[in-house]
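One structure is given here, and the rest of the page talks about it.
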Amino acid sequence: MIKVITYGTYDMLHYGHIRLLERAKALGDYLIVGVTSDNFDMARGKINVKQPLMERVAAIRETGLADEVIIEEYQGQKIDDIKRLNVDIFTVGSDWAGHFDYLNEYCKVVYLERTEGVSSTLLRSRDRALRLGLVGNSLFLEKFFRECKYVNGIEVTGLYTQRAEVFSEGMQKIPCVTKNYDELLNNVDAVFIISHPTEHYDHIKSALLKNIHVLCEAPIAISLNQLEELRDIAQKNNLILTDGLKTAYSTAYYRMLLLIKSGVIGKVCSVDSTCTSLRDSTEFSWNSITEWGPVAMLPIFQILGTNYESKKIISYITDEKNMYDSFTKIEFIYSSATASIKVGKGVKSEGELIVSGTGGYVYIPAPWWKTDYFEVRHENPQNNKRFFYQLDGEGIRYEIVAFTKAIKSSKPDLYTMVKKDVSSAIVKIISDFYNDEDKIILRK
């Protein structure tokens, strides 16, 4: 019996996939199909896969062409599978010609011509032609613009800014570069907003009233009343309004949360988060609490929840007119835990995250907010474990994918990594900062 093996993602199974499987099966007597897992797809840069693993596996089985279906989960697995399953022929599409020649040492390698004009990438692009506008003056938009290029079916068609001259030539060639916000809104289906936090409310409201979806760099607003009003408008118009917090979409960060929830360090007693930088203040600059506060508070509210009993805000204010804090420390007291954040744009400290529990602790080194690595440490160092996960684009491209999927989905909450209670808690703290609630002010 001649055994044949092939691999693929098989997202949105189509005629081209089936033709390839039919020709693979014709090469032998027994066809094994390897379907790549979600995590392995992400590691290979395929981040816009629409169907979960089990749906893709079921679709392959329903064709009746596969005698056996396996899951591909790690680099180098093809060699293990070929040896373990006594495979005679490895086959894959001709667009991979030469790439798998190294497998000739273990079996025969055959490259099959693909069906012209049919691909999952093309189907995804046709299905999701989303016109996106960028809003703000921050150079972070350069990063966001680059990461959009990795996401299928999304096109940046507009840029609203007061200083287009500071951006790259590529951004200046965006079809609609304007200082007129209404002009931008007339040319897009959705916007990413990173204007100054005091401008978020007006920019978001204008977009929602024109039936435009919004991804806004946190905080969405600087008062709870503003936030609730914006959410009401979004709900009435069936629109997506969600926080832009790239850290929440980092694979390592998300896996850390799952491990903590599973009890790997016992009961969590403390969460301590630090985010600082020594950046100069400019007319477009955010203060410390708005730029770093949402990131620093994210793990606290996602691990301990949002029902803290009390808090204390301590801020070093260097510009009272613009409420510019060079440094802010916030202490949270829960019924059975404590937490703290330190954020600053004029004071430097180690940007680490430490989650302490009764059975150990989790440590993420600086800069923890864009890490691909963390450690779970115990009393006995021999029990310590290190975890590594690939991080592409600092989490921004995964955030963009989640936003586009939320727009298309009938269940958008499945794709939102920053839930409404966490978003509200972040806005509440920032509102209290501006209103001097539970706040101690340090001055020069």
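For the pair Ser423 (side chain) and Lys420 (backbone), a donor-acceptor distance under 3.5 Å is absent. When atom types are taken as modelled, the side chain of Asp67 and the backbone of Leu31 share a donor-acceptor pair closer than 3.5 angstrom. The main-chain N or O of Phe433 is found under 3.5 Å from a side-chain atom of Lys439 such that the two form a donor-acceptor pair. When atom types are taken as modelled, the side chain of Thr416 and the backbone of Asp413 share no donor-acceptor pair closer than 3.5 angstrom. Listed for the Glu199 side chain is a donor-acceptor partner under 3.5 Å among the backbone atoms of His196. Judged purely by atom type and a 3.5 angstrom limit, Thr328 has no side-chain atom pairing as donor or acceptor with the backbone of Val343. Judged by distance alone, the side chain of Thr63 and the main-chain N or O of Ile60 form a donor-acceptor pair under 3.5 Å. Remark: side-chain polar atoms of Asn380 are paired, donor with acceptor, to backbone N or O of Gln382 under 3.5 angstrom. Side chain of Glu352 to backbone of Thr274: no donor-acceptor contact under 3.5 angstrom is found.
Between Phe192 and Phe144, the ring-plane angle classifies as parallel under the 30° and 60° cut-offs.
Scored by the side-chain hydrogen bond (donor to acceptor under 3.5 Å, both in side chains) test, Ser340 finds Asp272 as partners (sequence neighbours excluded). With sequence neighbours excluded, no residue satisfies ring pair (Phe, Tyr, Trp, His ring centres under 6.0 Å) with His213. Residues passing the salt bridge (charged side-chain N to carboxylate O under 4.0 Å, His left out) test with Glu68: none are found, sequence neighbours excluded. Lys311 meets the side-chain hydrogen bond (donor to acceptor under 3.5 Å, both in side chains) test with Asp432, Asp438; sequence neighbours excluded. Taking Asp95 as the reference, Arg114 meet the salt bridge (charged side-chain N to carboxylate O under 4.0 Å, His left out) condition, with sequence neighbours excluded. Phe388 meets the ring pair (Phe, Tyr, Trp, His ring centres under 6.0 Å) test with Tyr373; sequence neighbours excluded. Lys370 pairs by the salt bridge (charged side-chain N to carboxylate O under 4.0 Å, His left out) definition with Glu394, not counting sequence neighbours. Listed by chain and residue number, Lys205 satisfy the salt bridge (charged side-chain N to carboxylate O under 4.0 Å, His left out) test with Glu229 (two or more places apart in sequence, or in another chain). With sequence neighbours excluded, the residues satisfying ring pair (Phe, Tyr, Trp, His ring centres under 6.0 Å) with Phe387 are Phe374. Scanning for ring pair (Phe, Tyr, Trp, His ring centres under 6.0 Å) contacts around His378 gives an empty result, with sequence neighbours left out.
Under a cut-off of 6.0 angstrom, the local environment of CZ in Arg386 is sparse, with at most 12 non-hydrogen atoms contributed by other residues, nucleotides or ligands. For CG of Asn307, the number of neighbouring non-hydrogen atoms (other residues, nucleotides, ligands) closer than 6.0 Å is 12 at most. Around atom CD of Glu309, more than 12 heavy atoms belonging to other residues, nucleotides or ligands sit under 6.0 Å away. Taking a 6.0 Å sphere around NZ of Lys348, one finds it holds more than 12 heavy atoms contributed by other residues, nucleotides or ligands. Within 6.0 Å of CG in Asn238 there are 12 or fewer heavy atoms belonging to other residues, nucleotides or ligands. Dense packing is recorded around NZ of Lys25, with more than 12 heavy atoms of other residues, nucleotides or ligands lying under 6.0 Å away. Remark: Lys267 NZ is packed, more than 12 non-hydrogen atoms of other residues, nucleotides or ligands lying under 6.0 Å away. Within a 6.0 Å sphere centred on OH of Tyr363, other residues, nucleotides and ligands contribute more than 12 heavy atoms.
The shortest heavy-atom contact between Tyr249 and Tyr398 is O-CD1, 3.6 Å. When all heavy atoms are compared, the tightest approach of Ile429 to Ile313 is O-CD1, 4.2 Å. Contact between Phe403 and Leu215 at its shortest, heavy atoms only, is CZ-N, 3.6 Å. Of all heavy-atom pairs spanning Thr306 and Ala425, the tightest one is CG2-CB, 3.7 Å. Across all their heavy atoms, Ala339 and Tyr334 have their closest contact at CB-CE1, 4.5 Å. Shown here for Ala402 and Tyr415, the closest heavy-atom pair between the two residues is CB-O, 3.4 Å.
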Name each donor-acceptor pair under 3.5 Å that joins a side chain in residues 288-304 to protein atoms two or more places apart or in another chain, with its distance.
| from | atom 1 | to | atom 2 | distance (Å) |
| --- | --- | --- | --- | --- |
| Ser288 | OG | Asp325 | O | 2.5 |
| Ser288 | OG | Ser326 | O | 3.4 |
| Ser288 | OG | Lys345 | N | 2.9 |
| Thr290 | OG1 | Asn287 | N | 3.4 |
| Thr290 | OG1 | Asn287 | O | 3.2 |
| Thr290 | OG1 | Asn287 | OD1 | 2.5 |
| Glu291 | OE1 | Lys345 | NZ | 2.8 |
| Glu291 | OE2 | Arg279 | NH1 | 2.0 |
| Trp292 | NE1 | Ser277 | OG | 3.3 |
| Gln302 | OE1 | Tyr253 | OH | 2.6 |
| Gln302 | NE2 | Met417 | O | 3.1 |

Using atom types as modelled, flag every donor-acceptor pair under 3.5 Å from a side chain in residues 216-227 to any protein atom, sequence neighbours excluded.
| from | atom 1 | to | atom 2 | distance (Å) |
| --- | --- | --- | --- | --- |
| Ser223 | OG | Gln226 | N | 3.1 |

Step-by-step side chain to side chain contact (heavy atoms under 4.5 Å, CB included) determination, Tyr10 to Leu21: CA-CA 11 Å; Tyr10 304 109; Leu21 291 174; 3.8 Å; yes
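Thr9 and Thr36 share a donor-acceptor pair across their side chains, judged by distance under 3.5 Å alone.
Checked options Val188, Leu132, Ile240; the residue passing with Ile212 is Val188 (criterion: side-chain contact (heavy atoms from CB on, under 4.5 Å)). In summary, of the residues considered (Phe100, Tyr102, Tyr111, Tyr106), a ring-ring contact (aromatic ring centres under 6.0 Å, His included) with Phe90 occurs for Phe100 alone.
Under 4.0 Å is where a charged nitrogen must lie from a carboxylate oxygen, and between Lys3 and Asp88 no such pair does.
Side-chain contact between Leu353 and Val271: present, with at least one pair of heavy atoms (C-beta onward) separated by less than 4.5 Å.
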